[in-house]
Amino acid sequence: MTSHFLTGEELSVADQARLLTLAADIKARPERYRRRLEGRTLAMIFQKKSTRTRVSFEAGMFQLGGHALFLGADDIQIGRGETISDTARVLSRYVDLIMARVYAHADVEELAATSRVPVINGLSDLHHPCQVLADLQTIAERFGALERRHLAYVGDGNNMAHSLLLGCARAGMSVSVATPEGYACRPEIVARARAQAAAFGQSIVTTTRPAEAVTGADAVYTDVWASMGQEQEQARRLRDFAGFQVDAALMAHAKPTAIFLHCLPAHRGEEVSAEVCDGPQSVIFDEAENRLHAQKALMLMLLGEVDS
Ligand code: CP
Ligand code: NVA
């Protein structure tokens, strides 16, 4: 079992599948797990804002019998220049787990390099692996086995796209990604996903044509066009992403049984139409709920508190 969870690749393919099974059991029978993390503490460092990540980790830790500490970057000495590595060394003498939401992915890597306790990436500029655990749980709830299902991602080649590529490929799914020119995913991450998908006989396709990506998909996913930290690029991105909105016309290229996913927060009328976001194919609130269950499973696995 891994000690950190930064890109999601630290979990073996088999452990990722085990985690999803555990998350489903936690959702069905939460009382079984009520005291599993009694006496344990989770420190949560946030350099950026959050609704779902903050509340689902804090509530999840409480429901497992443990305690979570919210540490806004401006409230701790990181905000005054204390190094990430000193912070990790100190925190890991007090707590059992550290979760961090950071700007630079290198910051979460530095935390992990110097922490004595497991570090969870709660979103960085490159990856959002906790979200994908919840997304996979949500897709499995609808379709059963994940293998050979097809997820299409339409929008910015950002942290969400990267984590979906890796997480879905490692679940045996095929993934197609449509991004505008200049907003493609990192090639090295696409290559890693492609190698994982190939092990299952599945493919990874990248394109600049949304309809091509969505054709025949079981799940259609989008995310904001300007991520946290890119607010000053909002106007330019609105122009560059014209034609990339997930609307009913685009959804019509997917399978009739397809579901719509979004990590949230959503901007209706930008990356997704209100009709799709709030329509019958949308599973966005199941996805948000599953953050709670999937992360409880993750914390139990990282702390070695799972039935063998
Ligand atoms: N999806 C997600 O991570 O939401 P928050 O930014 O609210 O945590
Ligand atoms: N790509 C988005 C995801 C938010 C959950 C961001 O980084 O702001």
Side-chain angles (χ1 to χ4, degrees), residues 5-8 23 42-61 68 70-73 98-108 120-139 151 153-168 177-180 183-186 189 219 221-234 236-238 240-241 244-246 260-268 270-272 277 282-296 298-299:
F5 188 72
L6 306 186
T7 70
L42 166 71
M44 308 189 298
I45 301 171
F46 281 92
Q47 293 181 351
K48 299 173 178 168
K49 297 201 186 313
S50 168
T51 298
R52 281 144 289 270
T53 304
R54 174 177 177 177
V55 179
S56 57
F57 266 107
E58 185 162 342
M61 193 59 175
F70 173 79
L71 306 171
I98 298 172
M99 189 274 288
R101 169 166 286 195
V102 300
Y103 284 97
H105 188 72
D107 280 358
V108 86
I120 298 170
N121 179 5
L123 181 145
S124 66
D125 56 353
L126 287 185
H127 297 278
H128 195 5
C130 294
Q131 179 66 50
V132 174
L133 296 177
D135 300 337
L136 292 172
Q137 184 177 355
T138 309
I139 297 167
L151 179 132
Y153 175 91
V154 177
D156 190 17
N158 61 13
N159 43 13
M160 215 46 262
H162 291 154
S163 287
L164 285 164
L165 275 166
L166 294 169
C168 292
V177 176
T179 55
Y183 295 95
C185 292
R186 293 275 183 106
I189 294 175
Y221 202 115
T222 191
D223 183 18
V224 291
W225 290 338
S227 286
M228 289 181 274
Q230 297 172 333
E231 289 77 8
Q232 72 293 347
E233 298 175 24
Q234 175 79 15
R236 175 163 57 81
R237 285 171 171 262
L238 272 176
D240 291 349
F241 283 79
F244 278 75
Q245 184 183 90
V246 177
F260 169 75
L261 298 105
H262 191 309
C263 55
L264 304 179
H267 295 81
R268 291 168 178 78
E270 291 183 22
E271 74 274 4
V272 60
C277 201
S282 176
V283 293
I284 57 175
F285 297 112
D286 292 333
E287 244 186 299
E289 177 186 333
N290 287 338
R291 292 291 303 273
L292 176 72
H293 311 301
Q295 290 160 188
K296 284 164 85 173
L298 176 65
M299 291 190 286

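In each ligand, atom 1 is the first atom listed, and ligand 1 is the first ligand listed.
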query = For ligand 2, which atoms have a heavy atom of L123 less than 4.0 angstrom away?
reply = 3 (C), 4 (C), 5 (C), 7 (O)
key: Close-contact set for ligand 2 against N159 heavy atoms, below 4.0 Å   = 1 (N), 2 (C), 6 (C), 7 (O)
key: Polar proximity ligand 2 side, K48 side, N/O cut 3.5 Å exclusive   = no
ask   = Which protein heavy atom lies closest to atom 2 (C) of ligand 1, and at what distance to 0.1 Å?
value = R291 NH1, 3.4 Å
request  = Please work out which of the three classes, parallel, tilted or perpendicular, describes the rings of H162 and H127, given edges at 30° and 60°.
outcome  = tilted
query = Considering distance alone, does some N or O of M228 sit under 3.5 Å from an N or O of ligand 2?
reply = yes
key: Aromatic ring proximity, centroids under 6.0 angstrom, Y183 and F244   = no
ask   = So, is L264 polar-close to ligand 1, with some N/O to N/O distance under 3.5 Å?
value = yes
Option with minimal heavy-atom separation from atom 3 (O) of ligand 1, where the choices are H128, R52, M228, Q131 = H128
Contact check: H128 vs ligand 2, nitrogen or oxygen atoms, below 3.5 angstrom = no
message = Looking at ligand 2, is there an atom of it that comes within less than 4.0 Å of some heavy atom belonging to D125?
response = no
query = Quick one: is the NZ or CZ of R54 closer than 6.0 Å to the six-membered ring centre of F46, and within 45° of its axis?
reply = no
ask   = With a cut-off of 4.0 Å, which atoms of ligand 2 are near a heavy atom of L264?
value = 5 (C)
